[in-house]
2 protein chains.
Amino acid sequence: MPWLTHSTKNELINLICDRIWLAVVQRTLRPGARLKEEELTEIFGTTRARVRQALAILEQDGLVTIYPNRGACIAEPGVEDAQDAFSARLAIEQRLVTRLCRSASPEDIATLRDHIAQERAAHARGDSEAVIRLSGEFHMLIAKLSGAELLLKILRMLTIRTSLITAMYQTQATQTCGPDEHDRIVVAIEARDESQACHEMAHHLEHLESALRLSEAPMPVSALREALHSMAPKGET
Amino acid sequence: MPWLTHSTKNELINLICDRIWLAVVQRTLRPGARLKEEELTEIFGTTRARVRQALAILEQDGLVTIYPNRGACIAEPGVEDAQDAFSARLAIEQRLVTRLCRSASPEDIATLRDHIAQERAAHARGDSEAVIRLSGEFHMLIAKLSGAELLLKILRMLTIRTSLITAMYQTQATQTCGPDEHDRIVVAIEARDESQACHEMAHHLEHLESALRLSEAPMPVSALREALHSMAPKGET
DNA sequence: TTCCCCAAAATTGTTGACAATATCGTTGAC
DNA sequence: GTCAACGATATTGTCAACAATTTTGGGGAA
């Protein structure tokens, strides 16, 4: 479940990273949200040094932005970043499925099908949080099964960005694309049809990207500004 | 010149990262070399905390490996990592040149040609250190000119790995491929011939990769083992 | 009222000392 | 003579107090 694991270093720091990442995925933390160090220390019951390390890692990954001497916020990537991330994902993931077409074992196929079944279940029960999370995990699963550690690391960085973009620009919480497209990719992999798998992957990613292009320009940027929008311009006091 | 710059955060930490990276490129620091914190503090005249931060960043980038409670060493990627890095580079850089074919301004072309001229000069004067460094910088320059911040960051990670691999597995210090292949890529970009540019890039990277496949298995891993190899199995005492 | 300046509060950044852990050399027993 | 356990040393990991910076609030003058 925590697929944001770097190495077996300090477990607490990984926990902090995972929790923040999870909170972003399930929309509890929106892009632009402030992350005060002291707040995090008492939440996780640790010291400020740990929190600081975790934030540094998350900054490297692109999940948070650290403004020197002014604190850390959930990153707010622009449309440019979105397009970069999607095009890079396309390049990386096409290579991943090509690889899987050649090396996939029956167990790998079974694992993928099992994952899609979970997606379908979540979809059926209307658990939109799980749908989003599992949808992302599917792509990470492909990277894991292809056995390329480095490509997985890169894909993680890219997925973080596309997830942030989704959180920022998508109108409705429920993904429009169900697990069907994932299924088609797996079918192509099972058939060892490399070009077909690449084609399906391209189609899938384009679908994902186009789903949020719609609301490109005028969307929520930070929780603060969002709040200001729905409030009267004059406070009480 | 220092093309390993993240953000305008702390200048000293970037300096440390750059210097270590440079030392690796010019073979002063070999893969597997030990990096003691205290040593680095007195070299750079800073505190241990800074050094620690720099090492953490370099670990994220894949340049060093941190063994918990045991210190940091220059990373020693395996052949697997090499192949991953090269295939990912191919995917990313083909996208970059495609992008440049569409967006390159005359100034961009001039910048690239100027860089190649520098490469030629270094080649002519036999400055193998500059040749290696400039050869890497050429690819980063393409990423910079294409204007994709994210792709540049990813390419940096990949270049670090391939450079490490080169340092580990290449037999002779002088690169076999001169700036000619770079020139061909620029020609294709100038002609706006996307497929040709991709083809040239693929050819170039394959050339780079094949240049070190030769000595695949039995090559220096760490300075220690290397020393042991050339020594009699029995110590003196 | 509106603007500017200055002090207080809150937050981040840094430092140095201390604790935990691994490595190395030595001693002692077999 | 060899091996194992132990203590000394060196190195990394952690923490809490201190310093620097930014933000906030209030008072005074135009």
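Since the structure is predicted, the reported quantities are computational estimates derived from the model, not experimental observations. Numbered from 1 within each chain, the chains take letters A, B, ... in sequence-line order.
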Query raised in the report: Sequence neighbours excluded, which residues qualify as salt bridge (Lys or Arg N to Asp or Glu O under 4.0 Å) partners of A:Glu129?
Result: A:Arg133
Query raised in the report: Sequence neighbours excluded, which residues qualify as salt bridge (Lys or Arg N to Asp or Glu O under 4.0 Å) partners of B:Glu93?
Result: B:Arg89
Report task. Scan B:Arg50 against the nucleic acid and name what it touches under 4.0 Å (heavy atoms): base, sugar-phosphate only, or nothing. Result -> sugar-phosphate
Requested in this report: For B:Arg99, check side chain to side chain donor-acceptor pair (under 3.5 Å) against everything at least two apart and list the hits.
Outcome: A:Asp84
Query raised in the report: Is the phosphate of D:dG13, meaning OP1 or OP2, less than 4.0 Å from a side-chain N or O of B:Arg52?
Result: yes
Requested in this report: Could you tell me which residues satisfy side chain to side chain donor-acceptor pair (under 3.5 Å) with B:Asn69, sequence neighbours excluded, listed by chain and number?
Outcome: none
Query raised in the report: Is it the case that B:Glu119 and B:His182 place a side-chain donor and acceptor less than 3.5 Å from each other?
Result: yes
Identify all side-chain donor-acceptor contacts of residues 41-51 of chain A below 3.5 Å with residues at least two apart in sequence or on another chain.
unit_1, atom_1, unit_2, atom_2, d
A:Thr41, OG1, A:Glu38, O, 2.3
A:Arg48, NH1, A:Glu37, OE1, 2.6

**Report entry** Contacts of B:Asp108 that satisfy side chain to side chain donor-acceptor pair (under 3.5 Å) - sequence neighbours left out
**Finding:** B:Ser105
Requested in this report: Assign A:Arg48 to base, sugar-phosphate, or nothing according to its heavy-atom contacts below 4.0 angstrom with the strands shown.
Outcome: base
Nucleotide N/O of nucleotides 9-11 of chain D paired with protein N/O under 3.5 Å:
unit_1, atom_1, unit_2, atom_2, d
D:dT11, OP1, B:Lys36, NZ, 2.9

Query raised in the report: Can you give the first and last nucleotides of DNA chain C, 5' to 3', that have an atom under 4.0 Å from a heavy atom of chain B?
Result: C:dT14 to C:dT23
Requested in this report: Output all residues satisfying ring-ring contact (aromatic ring centres under 6.0 Å, His included) with B:Phe86, sequence neighbours left out; order by chain, then residue number.
Outcome: none
